[in-house]
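Here is the structure we will look at.
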Number of protein chains: 2
Amino acid sequence: MKVMAAENNNLSLSKQRLRLWLRMLRASKTIENEVRERLKKTFDVTLPRFDVLAALYRHPEGLTMTALSRDLEVSNGNVTGIVDRLTKDGFVLRVPIANDRRATTVQLTPKGKGEFEIMAEAHESWIDEMMESLNEARIDEMIAVLEQLKNEAGGVE
Amino acid sequence: MKVMAAENNNLSLSKQRLRLWLRMLRASKTIENEVRERLKKTFDVTLPRFDVLAALYRHPEGLTMTALSRDLEVSNGNVTGIVDRLTKDGFVLRVPIANDRRATTVQLTPKGKGEFEIMAEAHESWIDEMMESLNEARIDEMIAVLEQLKNEAGGVE
DNA sequence: TAAATTTATTTCAAGCTTAAAATATCAAAG
DNA sequence: CTTTGATATTTTAAGCTTGAAATAAATTTA
């Protein structure tokens, strides 16, 4: 009897977790689509390009291709293409590393830095607008849960 | 002085909201990547295909291409390709609509339904595992916030 | 009814994405 | 040294994704 009850509890809890995951995915997708569209319309830049610029902005010393791929959680081959195009357009630069001829760091050019700062300001205000209803307490709460989730799922082994 | 304080408050709140968004995106991406990899390894199916099957499973009467595209929040042209491939592999079926020669509904085949049920069970257990630390209260809390967020961002105008 | 507009879908070009294979270089061990 | 294994990146093929243009059919309107 107790086992049965526990099973039933687990079952509905797992359904509830699934439901949360689907909601989270949906909210993310909605916001992401909105951001993608505004980036395109306002700055004629794609979301993946924006993401790469943002990662590099957070690391003024530059990032290797591998570090960039890990930071963005995308495949290494993927980064190659985006960086190629950003390089062609003068937003980023591949800088050889002194002691390792295999690796290069990628850095923002002054143009890339300047353009990103403009986009980042708009981006922040869009997010602020889309999350208008959330106060500080709610936000801290959410952040804590998400942090825990990410570690649990990502396998910090 | 009061204005100044308010501005500072707003500024840090908007940064906090941005921070939340980035965490949410990161958690989603981590879980999504994990699910994608497991679907591929376990069932040799891609995540977009799984998403389409899931949407159709929730609507046994079938969905038009437009409804499917809206449900998944992806472009209409995107759905065409995925449904094409699922059709070729015998998972779904395009069924003409009686009164409207422009539209077709898409439905799961028995094979599609059967295969999806197997995948869905595994999928649910993966999510359960990845969200092990979240209890019912936390989950309900999160769902409420996410629901609000989605409506705010998605423009329910 | 004919023309104009709207709706449903597909097609297309460009770019994004992954997983796996191929290159190239470095580091370690014999 | 030089082979062996590890690391960093690019390449490749297949599939995903978008936004816009092209078709086609239904609906509205003059």
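First the proteins, then the strands, lettered A, B, ... as listed; each starts at 1.
Atoms CG (A/L39) and P (C/dC16) sit 13 Å apart, rounded to a whole Å. Rounded to whole Å, the distance from CE on A/M65 to P on C/dT17 is 13 Å. Across the protein-nucleic acid pair, B/D100 atom CG and C/dT9 atom P stand 8 Å apart, rounded to whole Å. For A/R36 and D/dA20, the CZ to P distance is 13 Å, given to the nearest whole Å. One interatomic measurement links the two molecules: CD of A/E73 to C1' of C/dT17, which rounds to 14 Å at whole-angstrom precision. With rounding to whole Å, B/N99 atom CG is found 15 Å from D/dA25 atom P. Separating the CG atom of B/N33 from the C1' atom of C/dA19 is a distance of 13 Å, rounded to the nearest angstrom. Between the CD atom of A/E37 and the P atom of D/dA20 there is a distance of 9 Å, rounded to whole Å.
B/S28 places a side-chain N or O within 3.5 Å of a backbone atom of B/M24 that can act as its donor or acceptor partner. No donor-acceptor distance shorter than 3.5 angstrom exists from the side chain of A/T64 to the backbone of A/T104, with no hydrogens or angles considered. Listed for the B/R17 side chain is no donor-acceptor partner under 3.5 Å among the backbone atoms of A/I127. Here the side chain of A/K113 pairs no donor or acceptor atom with the backbone of A/P60 at under 3.5 angstrom.
Residue-level contact check: B/N78 touches the bases, meaning some heavy atom is under 4.0 Å from a base atom. Residue contacts shown for B/N76 include a base, since a base heavy atom lies under 4.0 Å away.
Within the 4.0 Å cut-off from OP1 or OP2 of D/dT18, not a single side-chain nitrogen or oxygen of A/T46 is found. Of the side-chain N and O atoms in B/T66, one or more sit less than 4.0 angstrom from OP1 or OP2 of C/dT9. Contact annotation: B/R101 reaches the phosphate of D/dA26 (side-chain N/O to OP1 or OP2, under 4.0 Å). Regarding contacts with the backbone of D/dT10, a side-chain N or O of A/R94 is found under 4.0 angstrom from either OP1 or OP2.
Among the nucleotides C/dT18, D/dT10, D/dT9, the one closest to any side-chain atom of A/T64 is D/dT9.
Looking at which nucleotide of DNA chain D each of A/A67 and A/K41 is closest to, the 5′-most match is held by A/A67. Residues B/G77 and A/P48 each lie close to DNA chain C; by heavy-atom proximity, the contact nearer the 5' end of the strand is made by B/G77. Nearer the 5' end of DNA chain C, as judged by each residue's closest nucleotide, is the contact made by A/I82, out of A/I82 and A/A98. The residue among A/K40 and B/R49 whose nearest nucleotide of DNA chain D is located toward the 5' end is B/R49.
Note: B/M65 CE to B/N78 CG = 9.5 Å, rounded to the nearest 0.5 Å.
With hydrogens and angles left out, the side chain of A/R102 and the base of D/dT7 share a donor-acceptor pair within 3.5 Å.
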